[in-house]
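What you are looking at is a predicted structure, and each value in this text was computed from that prediction instead of being measured.
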Amino acid sequence: QVQLVESGGGLVQAGGSLRLSCAASERAFSSYTMGWFRQAPGKEREFVSAISRSDTPFVLTDYADSVKGRFTITRDNGKRTLYLQMNSLKPEDTAVYYCAASGLPVIKRGTVNYPYWGQGTQVTVSS
């Protein structure tokens, strides 16, 4: 059972930056594909970004078109922590952000592929 705890959310003005963190309890953190998702009020949870397991030949990343070029996903396996650096934030980025873990060896965007979830952290971007 992987336990995930997000932090780093908050209120920021449009154009500002935030860095989200997700601390994992699992010692085998490096063998999980990790993802960030978000859910705005009244909307379905949507894919934001993901990073592949570190036990594959190449570490791959994937981004939703809406955040590509503004957000960067990274992981520190030694600290068992996932990060999401968010720059040039827009009001439409306002949502609860969740990190999630998957045992799959490839990146998938569907929430169904991620059995482990954190409790979420609120990001609010004011105009």
Side-chain angles (χ1 to χ4, degrees):
Q1 186 77 8
V2 181
Q3 294 183 329
L4 304 170
V5 179
E6 302 96 334
S7 61
L11 173 64
V12 64
Q13 287 187 330
S17 299
L18 283 175
R19 187 176 82 154
L20 305 184
S21 299
C22 172
S25 63
E26 176 58 51
R27 284 186 293 179
F29 172 74
S30 62
S31 60
Y32 286 86
T33 293
M34 300 297 298
W36 286 102
F37 294 77
R38 67 186 182 187
Q39 188 166 19
K43 294 188 176 182
E44 293 188 353
R45 193 168 299 188
E46 64 175 4
F47 171 81
V48 174
S49 182
I51 186 167
S52 62
R53 294 161 43 163
S54 300
D55 57 355
T56 54
F58 301 98
V59 177
L60 302 175
T61 58
D62 188 22
Y63 296 92
D65 288 344
S66 59
V67 307
K68 198 171 293 184
R70 300 187 297 121
F71 291 10
T72 303
I73 188 171
T74 57
R75 64 191 301 163
D76 184 331
N77 294 323
K79 294 182 178 179
R80 301 181 209 165
T81 302
L82 177 73
Y83 301 99
L84 185 68
Q85 178 67 43
M86 305 186 296
N87 298 328
S88 302
L89 282 161
K90 305 175 181 180
E92 50 264 44
D93 294 318
T94 295
V96 177
Y97 283 70
Y98 300 89
C99 72
S102 168
L104 295 176
V106 294
I107 290 175
K108 297 285 188 180
R109 292 190 171 194
T111 57
V112 68
N113 298 293
Y114 295 81
Y116 307 108
W117 293 83
Q119 83 290 347
T121 185
Q122 176 71 48
V123 171
T124 303
V125 184
S126 63
S127 57

What is the distance from atom CG of Asp62 to atom OG of Ser52, rounded to the nearest 0.5 Å?
10.5 Å

Quick check: does any side chain N or O of Arg80 sit under 3.5 Å from a backbone N or O of Ser25, one acting as donor and the other as acceptor?
yes

Quick check on the hydrophobic clustering: are Trp117 and Phe29 connected, directly or via other members, by side-chain heavy-atom contacts under 4.5 Å?
no

Heavy-atom closest pair (Ala14 atom, Pro91 atom, distance to 0.1 Å) is CB-CD, 4.1 Å

Judged by atom type as modelled, is there a donor-acceptor pair below 3.5 Å linking the side chain of Ser88 to the main-chain atoms of Arg70?
no

Taking the six-membered ring for Trp, are Tyr114 and Phe37 parallel (under 30°), tilted (30 to 60°) or perpendicular (over 60°)?
perpendicular

Here the gap from Ile73 atom CD1 to Gln85 atom CD, rounded to the nearest 0.5 Å, amounts to 12.5 Å

Mind checking the NZ-OG spacing from Lys90 to Ser127? Nearest 0.5 Å is all I need.
14.0 Å

Non-hydrogen atoms of Cys99 and Leu82 that approach each other most closely
CB-CD2, 4.0 Å

Taking all non-hydrogen atoms of both residues, which atom of Pro115 and which atom of Ser102 are closest, and how far apart?
CD-CA, 4.1 Å

Could you grab the distance from atom CZ of Arg53 to atom CG of Asn77, nearest 0.5 Å is fine?
12.0 Å

Do Leu20 and Val96 land in one hydrophobic cluster if side-chain heavy atoms of ILVMFWY residues count as linked below 4.5 Å?
no

Do Met86 and Asp93 come within less than 4.5 Å of each other through their side chains, counting heavy atoms only?
no

Do you know which two heavy atoms are closest between Asn87 and Ser17, and how far apart they sit?
OD1-OG, 2.9 Å

Test item: Arg38 side-chain N/O and Tyr97 main-chain N/O as donor-acceptor pair under 3.5 Å:
no

Atom pair CD/OG1 of Gln122 and Thr94 - distance to nearest 0.5 Å
7.5 Å

Report yes or no: do Leu104 and Leu60 belong to one cluster of Ile/Leu/Val/Met/Phe/Trp/Tyr joined by side chain heavy-atom distances under 4.5 Å?
no

Examine distances only and state if a side-chain atom of Arg75 and a backbone atom of Thr33 form a donor-acceptor pair shorter than 3.5 Å.
no

Using a 3.5 Å distance criterion without hydrogens, assess whether the side chain of Gln119 forms a donor-acceptor pair with backbone atoms of Val5.
no

Lys/Arg N to Asp/Glu carboxylate O, Asp65 vs Lys68, below 4.0 Å:
yes

With a 4.5 Å limit on heavy-atom distance, are the side chains of Leu18 and Phe71 in contact?
no

How far does CZ of Phe47 sit from CD1 of Ile107, to the nearest 0.5 angstrom?
6.5 Å

Decide if atom CD of Gln3 counts as having more than 12 heavy atoms of other residues, nucleotides or ligands within a radius under 6.0 Å.
no

After noting the C-alpha distance and the side-chain angles of Tyr98 and Leu4, does the key distance pass the side chain to side chain contact (heavy atoms under 4.5 Å, CB included) rule?
CA-CA 9 Å; Tyr98 300 89; Leu4 304 170; over 6 Å; no

Verify same cluster id: Val125, Tyr63 (apolar side-chain graph, 4.5 Å):
yes

When you group the ILVMFWY residues by side-chain heavy-atom contacts below 4.5 Å and let the links chain together, are Val2 and Tyr83 in the same group?
no

